[in-house]
Protein chains: 2
Amino acid sequence: MAKIQSGENSTKKEAIIQKAAFLFKTKGYSATSMRELADSLGVEAPSLYNYIGSKSELLQSICSKMANEFHLNLDVVENNTATAVAKVEAIVRFHIQKMLNNFDEVFVANHEWKHLKEPMLSSFLNQRRNYEKRVMAVFENGIEKNELRITNPYVAVLTILSAVRGLEFWYGHKKNVTQEELENEMVKNLLNGIVK
Amino acid sequence: MAKIQSGENSTKKEAIIQKAAFLFKTKGYSATSMRELADSLGVEAPSLYNYIGSKSELLQSICSKMANEFHLNLDVVENNTATAVAKVEAIVRFHIQKMLNNFDEVFVANHEWKHLKEPMLSSFLNQRRNYEKRVMAVFENGIEKNELRITNPYVAVLTILSAVRGLEFWYGHKKNVTQEELENEMVKNLLNGIVK
DNA sequence: AATAAAAACTAATAAGTGTTAGTTTTGCAA
DNA sequence: TTGCAAAACTAACACTTATTAGTTTTTATT
């Protein structure tokens with residue numbers, strides 16, 4: 001009957017993943033059925049299996065894609081910025097932008113990872129721990145170089161990254177704040193708290 | 001066979017709700033089955049219905065209990081603290097303490113509310129919007145009285161409350177940070193960013 | 001127009017869901 | 001010890017779940 005529509009630059013598999021991200025975000029992974037996903041693509045559920053292996057594979061694709069992108073950005077930041085403060089700002093800005101531009105997928109990676117199956121679950125958590133450590137190293141470096149006035153880098157990382165993650169709470173509210181304003185104001189509030 | 005164990009100060013219904021909160025937090029509402037909940041209480045699933053009305057009633061109990069407690073605290077803070085800065089600090093500290101002392105239930109109210117059924121869903125979201133507005137009023141008052149240097153109270157509320165909510169991320173990590181240290185350090189980092 | 005591959009379909013399966021009905025066991029009061 | 005209510009049980013229901021098998025339709029190529 002109907003065909004799975006995919007944009008010019010995306011395969012049909014990618015179209016399925018994108019819709020899945022939207023539904024997983026909206027209803028949660030477990031509460032989203034394959035029939036529902038198929039329905040929203042104008043197709044019967046078994047047809048999806050021409051493109052994907054399983055429901056859990058969809059979740060896995062989303063989570064690992066996000067993990068990779070965040071790690072990749074950290075590589076760039078570590079090599080291309082001078083001061084620790086500049087690194088922190090670059091990291092915060094990337095998180096904010098990702099949050100605003102790839103909301104569905106970031107949200108799913110942040111909230112639905114617990115439904116990953118082993119061994120992907122362990123792998124995902126390992127990657128995340130690793131990411132945290134690398135960010136924390138940036139903060140520690142900032143303390144050594146006397147750029148930051150924080151005393152506990154772990155708490156600082158936790159505080160800042162969580163604050164940014166909280167943008168998901170803002171999403172949909174659509175107050176009279178532009179994306180740029182929000183980003184700048186947030187960076188200011190957060191960095192003011194820790195920069196010397 | 002086995003009986004549902006309830007602590008000295010709690011009814012059996014409360015014991016069920018508490019275990020439900022733990023499971024809903026750990027596996028998510030949809031992925032938690034009544035059989036599983038019963039199992040963890042050493043009982044068969046239908047036995048639960050001697051004490052509760054339905055699965056969704058469990059979620060409702062948890063969410064509305066948390067909503068009430070946060071509102072109640074705000075009543076106290078509004079009346080019993082002098083400056084806006086003191087109010088902000090008191091709110092932040094309450095959020096942190098709740099997060100650390102009633103982790104399961106706070107987590108569920110924060111993450112699983114979307115599975116509430118109407119009309120409780122709308123009611124819950126209304127309460128939350130209301131809470132935000134009241135907190136925002138505190139910030140606006142702080143700007144008027146020249147106590148705060150923020151320019152956008154909405155972004156500030158978002159940033160601070162999200163940062164605190166991010167404690168869920170810390171929970172379980174058990175770094176070498178005591179609860180008090182964490183609370184004080186976090187309050188410092190956050191207030192430094194906005195207090196004049 | 002014929003053919004082969006891609007992609008949709010229908011039907012079915014086995015497992016799991018919340019919940020109800022009806023029955024048995026348990027524990028306490030008389 | 002008897003009797004009664006509270007609280008457990010078993011069996012079953014009507015649905016929903018992800019997924020597979022097998023078949024038909026669509027699409028593009030020769």
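Chain A is the first sequence line, chain B the second, and so forth, proteins listed ahead of strands; every chain is numbered from 1. All values below come from the heavy atoms of this structure, side chains included, with hydrogens, waters and symmetry mates left out.
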Tell me the interatomic distance from [X], atom [atom1], to [N], atom [atom2], rounded to whole angstroms.
{"X": "Arg35(B)", "N": "dT17(C)", "atom1": "CZ", "atom2": "C1'", "value": "7 Å"}
{"X": "Glu44(A)", "N": "dA12(C)", "atom1": "CD", "atom2": "C1'", "value": "14 Å"}
{"X": "Asn50(B)", "N": "dC9(D)", "atom1": "CG", "atom2": "P", "value": "10 Å"}
{"X": "Leu48(B)", "N": "dT20(C)", "atom1": "CG", "atom2": "P", "value": "13 Å"}
{"X": "Met34(B)", "N": "dA14(D)", "atom1": "CE", "atom2": "C1'", "value": "17 Å"}
{"X": "Ile16(A)", "N": "dA8(C)", "atom1": "CD1", "atom2": "P", "value": "8 Å"}
{"X": "Glu36(B)", "N": "dA15(C)", "atom1": "CD", "atom2": "P", "value": "18 Å"}
{"X": "Tyr49(A)", "N": "dT10(C)", "atom1": "OH", "atom2": "P", "value": "16 Å"}

Heavy-atom side-chain contact between Thr11(A) and Glu14(A) under 4.5 Å: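 Contact flag for Thr11(A)/Glu14(A) side chains = yes.
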N or O in side chain of Ser47(B) less than 4.0 angstrom from dA7(D) OP1/OP2: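 No, because none of the side-chain N or O atoms of Ser47(B) sits under 4.0 Å from OP1 or OP2 of dA7(D).
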Phosphate OP1/OP2 of dT16(D) contacted by Ser33(A) side-chain N/O (<4.0 Å):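 No, Ser33(A) has no side-chain N/O under 4.0 Å of OP1/OP2 on dT16(D).
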Parallel, tilted or perpendicular: ring planes of Phe124(A) versus Trp113(A), cut at 30 and 60 degrees: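 Plane angle under 30°, so parallel.
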Whether His71(B) and Tyr131(B) hold their rings parallel, tilted or perpendicular, with breakpoints at 30° and 60°: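 Geometry flag for Tyr131(B) against His71(B): perpendicular rings.
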Lys87(B) (side chain) donor-acceptor with Thr81(B) (main chain) under 3.5 angstrom: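 Here the side-chain-to-backbone pair exists.
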Backbone of Gln60(A) reached by a side-chain donor or acceptor of Lys117(A) within 3.5 Å: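 Such a contact is absent between Lys117(A) side chain and Gln60(A) backbone.
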For Val88(B), the option from Val135(B), Leu191(B), Thr83(B) that meets side chain to side chain contact (heavy atoms under 4.5 Å, CB included):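 The passing option is Leu191(B).
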Nearest listed nucleotide, side chain of Lys12(A), among dT19(D), dT19(C), dA8(C):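 Given the options dT19(D), dT19(C), dA8(C), the side chain of Lys12(A) is closest to dA8(C).
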Touch class at under 4.0 angstrom, heavy-atom based, for Ser30(B) against every strand present: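 Nothing: the residue Ser30(B), judged by heavy atoms under 4.0 Å, touches no strand.
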Charged N-O contact under 4.0 Å between Lys188(B) and Glu185(B):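 Between Glu185(B) and Lys188(B) there is a salt bridge, with a charged N closer than 4.0 Å to a carboxylate O.
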Residues from residues 51-60 of chain A lying under 4.0 Å of DNA chain D - heavy atoms: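 Per residue number, the list reads Ser54(A), Lys55(A).
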